[in-house]
Amino acid sequence: MKLFNSFKVVFLISVMSITAVLPAIAGEGMWLPLLLKAFNEEEMQEMGMKMTAEDIYSVNQGSLKDAIVHFGGFCTAEVVSDQGLLLTNHHCGYSEIQSHSTLQSNYLRDGFWAGNVGEELPNPGLFARFIDRIIDVSEIVLEGTSEASTDADRQAIIKQNIAAYESTVTLGTGEGIQVKPFFNTNQYFAFVTVTYDDVRLVGAPPESIGKFGADTDNWEWPRHTGDFAFFRIYAGPNNEPAGYSPENKPYSPKHHLPISLDGVEEGDFTLIFGFPGRTNQYLPSFAIEQTLNVLNPAKIEIRDNALEVVGKAMREDPAIKLKYASKFASIANYWKKWIGESLGLEKTGAIEKKKTFESELIKRDPAAQAVLDAFQQLYAQREVSAKVTDYFSEIAGRNVEMLRVAGLAKRLVSAMENGGEEAYTGFAGRLKPYLTNLYKNYDATVDQAVFTRLMGLYQSNLDSKYVPASLSGDINGLGSRIYASSAFASGERVMELLEMSPDQAVNAMKSDPAYRFYQEMSDKYQESASSQYDEISIQLDSLQSIYMKMQMDAFPERKFWPDANSTMRVTYGQVNGYAPKDGVWYNPVTHLDGMVAKYVPDDYEFDVADKLLELYDSKDYGSYATAEGKIPVCFLGSNHTTGGNSGSPAIDAYGNLIGLNFDRVWEGTMSDINYDKSICRNIMVDARYILFIVDKFAGATHLIDEMDLVHPKAGLMNGSNKSQSIDGQSQCCDQGSACCNQSQSCCNQKKGLFKRRKKCCNTKS
Ligand code: ARG
Ligand code: ASP
């Protein structure tokens, strides 16, 4: 279909709408670091920020962005020492912590603290990726697209332009380039990255801290989770990216974040830096209606069932509990999010709000009517195939692990059939570590029970034309037969398959009963739903691109931010409570007292370690307590975040770390589709709680010594930047920077982000 032509849209070739005027609703938006100067700096400074846009993102000198990494491609982490120490969430490092755990030395249950660098644990496959620079390549990528006569033509031109551009960029060791679309393909940016592949586990608190409240408290406020873990980046002899080697050295960063000991109060400026995964803020009302009425309920029901089956098995057997802990948490996480999202969409009248916006848009640009009509039609046409797609991917592609592996085997077979032995061997090599890990935590009995339950749903909830014939009979019997004989129900047998010659392996796979069943399901899905789904999706993507530009053109007074797409973004707001319902106000800060109040001895979610209870009783809080003598645990902000922002640093007005982002509040989980400033809040662990746990609970004082602890607010107490003493002990060199102890004095910074400030130097040296 030629949507681009039919709506006669001329695409802007270069940066669009930089001329925005009205302030955005502070809080909303995930902004590109290189555009902060143009879009946000003024507002950020009005909100209390003392830095410049250049301090946050600069290609010419060290800036905050040099301390931020994409952690494994799914979370964010930040460098917090000059020796490459990384801070991220416990839940981001969960599967690594799990992979080093056994029933005897169970780091999930007891925590893990390397006593020195020699004890830090390598994690094959885990990487830390920095952004070296971001380049606006819209003009290059979109060149010639206005002459394209079809959507497919336009796609082809874009693809060619990207390939041509990428080939002109010279890359050094560990560098890569990614060109990504923004504003639904209306703009393109290139990201030059530097990836470090040797990332080791340094320390993690026990689950009773790192995952306190587990699934009950997940996505909720008030929260008391110490969701943090430490890793370290290692580099080759010249500090360059290198694969794992015992000879590698701790990485020396361009910048690392100092950590503030001064805490937060309501109204303080906060900045979150990270890699948000995906948002859909600019969809038409029809899309939201479908999510709310059809797709979320379908996915929630599937996961309700998977969780019930897995949860029961976990309660009955501690070995299963350990194996399935990470999987269960991950299934439960989005299950709960979808429930909250649907409630939030309803409660905030998201559909009505969109419809009102759409009427306003039509008033400003009558051509929008035709676009919206086309949306309505296409979404209706795609509804059933979208539901079947969710069923197929949730069940065969995710929750039944034997089928997930059979799906990978199918790709392996086609690699052989299309690319020969070389393609097969390459892919098999990449699969091995993944499958080794998967089967380490696999139990065929549990998986079979999930199979039986979910196939029952597939059969009863979908129209028969989408359901493979094998499911019309006895599903229990079918499960028993497949699991009794399939190689994919056993890790050892899968490894044996991968040891065979490619020919032999392909033959064995193709005659395997799980493979054959997967093939039958997948054929049925392809023929009945998938091609229709894909075809309409392409049309919807084109239409969304047009619609995006229409919105931007019709509302020139609004500042638009591009939907998240796993690229580096900055979001900012303030420490802020909220009203979850009429008559109730949630304070933005929680304390250890609240954690102890939730304590349920030996409970799998709310147990508290004896050592922590002792520290609470003796009030042995070091310098980490608030002025009222309490240990802070978590705090809330009005920063717009999403999945992928986990592990993102919360940064104060000066560039110091004040917290660690890990979640959002229940009433605001619809922020991916419909951000609402009044109730969307992100949840962070207070940096002082992290330090308290590391120091007092774990006794890992060598890590405390490694980090730079600062008192940014001390210099503000009498509004001066002059040296002064606090607690008669230390003096603060500068507003927003370090305070020294008695054996230190102030001297000039020579390098790094804060060159114009003073720092503390040892008087002796
Ligand atoms: N909800 C948070 C996020 O989306 C934290 C998830 C980890 N915790 C858990 N109990 N599953 O990732
Ligand atoms: N917990 C999420 C993450 O893992 C963050 C969020 O969705 O707010 O990235």
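We count ligands from 1, going down the list as the structure has it; atoms in each ligand are counted the same way.
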Does a side chain donor of either [X] or [Y] reach within less than 3.5 Å of an acceptor in the other side chain?
X	Y	answer
Asp663	Trp219	no
Thr216	Glu605	yes
Asp672	Thr642	yes

**Request:** Check whether the ring centres of Phe189 and Phe182 lie less than 6.0 Å apart, and answer yes or no.
**Result:**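 Ring centroids of Phe189 and Phe182 are less than 6.0 Å from each other.
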
**Asked** Taking the six-membered ring for Trp, is the centroid-to-centroid distance between Phe191 and Phe130 below 6.0 Å?
**Response**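 Aromatic pair excluded; centres sit 6.0 Å or further apart.
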
Considering only non-hydrogen protein atoms, determine which one is nearest to [atom] and report residue, atom name and distance to 0.1 Å.
atom	result
atom 11 (N) of ligand 1	Ala329 O, 3.3 Å
atom 5 (C) of ligand 1	Asn218 OD1, 3.4 Å
atom 10 (N) of ligand 1	Asp215 OD1, 3.3 Å

**Message:** Can you tell me which portion of Ala214 lies within the under-4.0 Å heavy-atom range of ligand 1? Options are side chain, backbone, both, or neither.
**Reply:**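 Only the backbone of Ala214 comes within reach of ligand 1.
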
**For ligand 1, the portion of Trp219 having any non-hydrogen atom under 4.0 Å away** =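 Trp219 to ligand 1: side-chain contact only, backbone stays beyond 4.0 Å.
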
**Asked** Hey, what's the ring geometry for Phe231 with Phe71, parallel, tilted or perpendicular (30° and 60° as the breaks)?
**Response**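 Perpendicular, since the angle between the ring planes exceeds 60°.
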
**Asked** Given Thr641, Asp217, Asn333, which has its nearest heavy atom closest to atom 6 (C) of ligand 1?
**Response**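 Looking at heavy atoms only, Asn333 sits closest to atom 6 (C) of ligand 1.
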
**Asp663: numbered ligand 1 atoms lying under 4.0 Å from its heavy atoms** =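 So the atoms of ligand 1 that pass are 1 (N), 2 (C).
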
**Request:** Below 4.0 angstrom from a heavy atom of Phe662, which ligand 1 atoms are there? Numbered from 1 as shown, please.
**Result:**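 This gives 2 (C), 5 (C) as the contact atoms.
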
**Asked** Listing by chain and number, which residues have a heavy atom under 4.0 Å from ligand 2?
**Response**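 Contacting ligand 2 under 4.0 Å are His91, Trp219, Thr642, Gly643, Gly644, Asn645, Ser646, Phe662, Asp663, Arg664.
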
Could [X] and [Y] be called an ion pair, given the rule that one side-chain N must be under 4.0 Å from one carboxylate O?
X	Y	value
Lys327	Glu401	yes
Glu78	Lys65	no
Lys321	Glu316	no

**Asked** Is the NZ or CZ atom of Lys337 positioned over Trp666's six-membered ring, under 6.0 angstrom from the centre and within 45° of the axis?
**Response**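 So Lys337 doesn't make the cation-pi contact.
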
**Asked** Counting both backbone and side chain atoms, is some N or O of Tyr334 under 3.5 Å from an N or O of ligand 1?
**Response**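 N/O-N/O distance below 3.5 Å does not exist for this pair.
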
